[in-house]
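Just below is one structure, and these are the notes that go with it.
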2 protein chains.
Amino acid sequence: MARSYGQYCPVARALEFVGERWTLLIVRELLLGPRRFTDLMTGLPGVSANVLAARLRDLEAAELVAKRSLPAPAASTVYELTDHARGLAAVVAAMADWGMTLLGQPATTDEIRGAWIVLALAVTTPAPRGADATYEFRLDDEVLHVRSHGGHLQPRHGPAANPDAVITMGPKTLAAIATGDLDPNSPQANKLVTTQGDSRAARRLLMTFSPIRS
Amino acid sequence: MARSYGQYCPVARALEFVGERWTLLIVRELLLGPRRFTDLMTGLPGVSANVLAARLRDLEAAELVAKRSLPAPAASTVYELTDHARGLAAVVAAMADWGMTLLGQPATTDEIRGAWIVLALAVTTPAPRGADATYEFRLDDEVLHVRSHGGHLQPRHGPAANPDAVITMGPKTLAAIATGDLDPNSPQANKLVTTQGDSRAARRLLMTFSPIRS
DNA sequence: CCGCATCCGTTTCGATACTG
DNA sequence: CAGTATCGAAACGGATGCGG
């Protein structure tokens, strides 16, 4: 298990479980749904297999992650968050909110995944209550969807079963909207973003993703 | 500087700044006000001087911490958070909130500081708007105060200039209230807690610190 | 005393290679 | 696909030393 801080403090205790390198990023990946080992490897470029395996072992021992065997044809195992670990969504959200302010321009060595931006936006953006809807995002070859439900935006891996709107763009374009570098209402954004289905709702969602400018 | 994750993701970026061991606990200490190097050493039992010095150097380089020289008589330097770093209060709050659920009983090797519990409670507890008040806490030899202002509870090191109420107890008693192991209205709590000044308000504050039981 | 810097043994990380 | 084995590099932790 992880090294203790020897402090009777909730913050220190939380860090003993998720404070090690890569751990919170694994949680980030699993917040969008169950994943296989190799899915996590590709979603976490830079991590090495032994570290990932060690973290998953520790998280499983702490009952924050459960290993589940998929039924018949798929013959594979997936990792998923337990209910207790889903409480970490607030921690990841706070990190995403603060981290957005210092994201800046991507370094040449930075990998970009649409899932990371979608997650950050979804967990930090309040959704209108009572107006449930599902949006599918296609960001290069990544497909995800976001469900607006109960005042929250719930992001998920994979396509939506019955999306109200489909939004297609590059992950960098979405990042530019998130950082405020690109106004989703600008003609420039219109060239970079394609919407299908309820385009009006899709536009409204993208506008809520744009930070308030002073 | 800290090692990069090589990911263009707000969460990863935040972790590059505050994800290393001890860093977020240093922020925890500084959220209650400026501190000298040795203050931080005693507030962070277990940290070694070289690691603390290294973290402070990195935080200063990232402009999250500023080193300030105290005027004439005190002839000393203090570290304090910059405005940007104060945005981490939300991260620490989320950690404290989640960590509270797994705090349990203190291990025999655990140090206990009243400041840790007061901070955790203050940042996770909503305060009534429009009813500003100042509470002084005396937890063994530690003295802190909490100001209710604008719907938030602002914790601080040291005594209050003009407290509405003074609350005296052991840090473990406060922790027991925080975890729900002790009902602040119980006769047992009455024996362990002393209040001066506006005792009614003090009781109300302690009740808001108690988690909702199901 | 305060605020570190230096040294050194131990632990952890990261990259690559290898296996059922 | 899902990891384990190995090994050099980096980080951590504890002790000591030292200038202001």
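So that the names make sense, note that chain A is the first sequence line, chain B the second, and so on, each numbered from 1.
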Whole Å only: how far is the [atom1] atom of [X] from the [atom2] atom of [N]?
X: A:Asn50; N: D:dA5; atom1: CG; atom2: P; value: 11 Å
X: B:Arg68; N: C:dG3; atom1: CZ; atom2: C1'; value: 17 Å
X: B:Arg55; N: D:dA11; atom1: CZ; atom2: P; value: 9 Å
X: A:Leu40; N: D:dA2; atom1: CG; atom2: C1'; value: 11 Å
X: B:Leu44; N: C:dC4; atom1: CG; atom2: C1'; value: 16 Å
X: B:Arg3; N: D:dA9; atom1: CZ; atom2: P; value: 14 Å
X: A:Phe37; N: D:dT4; atom1: CZ; atom2: C1'; value: 10 Å

Can you list, pair by pair, the side-chain donor-acceptor contacts under 3.5 Å of residues 144-154 of chain B, counting residues two or more places apart and other chains?
unit_1	atom_1	unit_2	atom_2	d
B:His145	ND1	B:Gly158	O	2.9
B:His145	ND1	B:Pro159	O	3.4
B:His149	ND1	B:Asp132	OD2	2.8

In residues 85-105 of chain A, what donor-acceptor pairs under 3.5 Å come from side-chain atoms, sequence neighbours left out?
unit_1	atom_1	unit_2	atom_2	d
A:Arg86	NH2	A:Leu81	O	3.3
A:Arg86	NH2	A:Asp83	OD1	3.1
A:Trp98	NE1	B:His84	O	3.1
A:Thr101	OG1	A:Trp98	O	2.6
A:Thr101	OG1	B:His84	NE2	3.2

Do we see a donor-acceptor contact under 3.5 Å between the side chains of B:Glu142 and B:Trp116?
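There is no such pair between these side chains.
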Cut-off 3.5 Å, no hydrogens considered: what does the side-chain donor-acceptor table look like for residues 60-71 of chain A, sequence neighbours left out?
unit_1	atom_1	unit_2	atom_2	d
A:Arg68	NE	A:Glu80	OE2	2.7
A:Arg68	NH2	A:Glu80	OE1	3.2

Which residues share a side-chain hydrogen bond (donor to acceptor under 3.5 Å, both in side chains) with A:Thr42, sequence neighbours left out:
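In terms of side-chain hydrogen bond (donor to acceptor under 3.5 Å, both in side chains), with neighbours along the sequence ignored, A:Thr42 is linked to no residue.
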With sequence neighbours excluded, what pairs up with B:Thr38 under the side-chain hydrogen bond (donor to acceptor under 3.5 Å, both in side chains) test?
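Once residues adjacent in sequence are excluded, B:Thr38 has no partner under the side-chain hydrogen bond (donor to acceptor under 3.5 Å, both in side chains) criterion.
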For DNA chain D, produce a single dot-bracket line, 5' to 3'. Pairs: Watson-Crick or G-U wobble, both distances under 3.5 Å. Symbols: ( ) within strand, [ ] crossing, | other strand, . unpaired.
||||||||||||||||||||
Both A:Val47 and B:Ala53 contact DNA chain C. Which one's nearest nucleotide lies toward the 5' end?
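Closest to the 5' end, via its nearest nucleotide, is B:Ala53.
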Strictly below 4.0 Å: does A:Arg36 bring a side-chain N or O up to OP1 or OP2 of D:dG3?
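It does not, given that no N or O in the side chain of A:Arg36 lies less than 4.0 Å from OP1 or OP2 of D:dG3.
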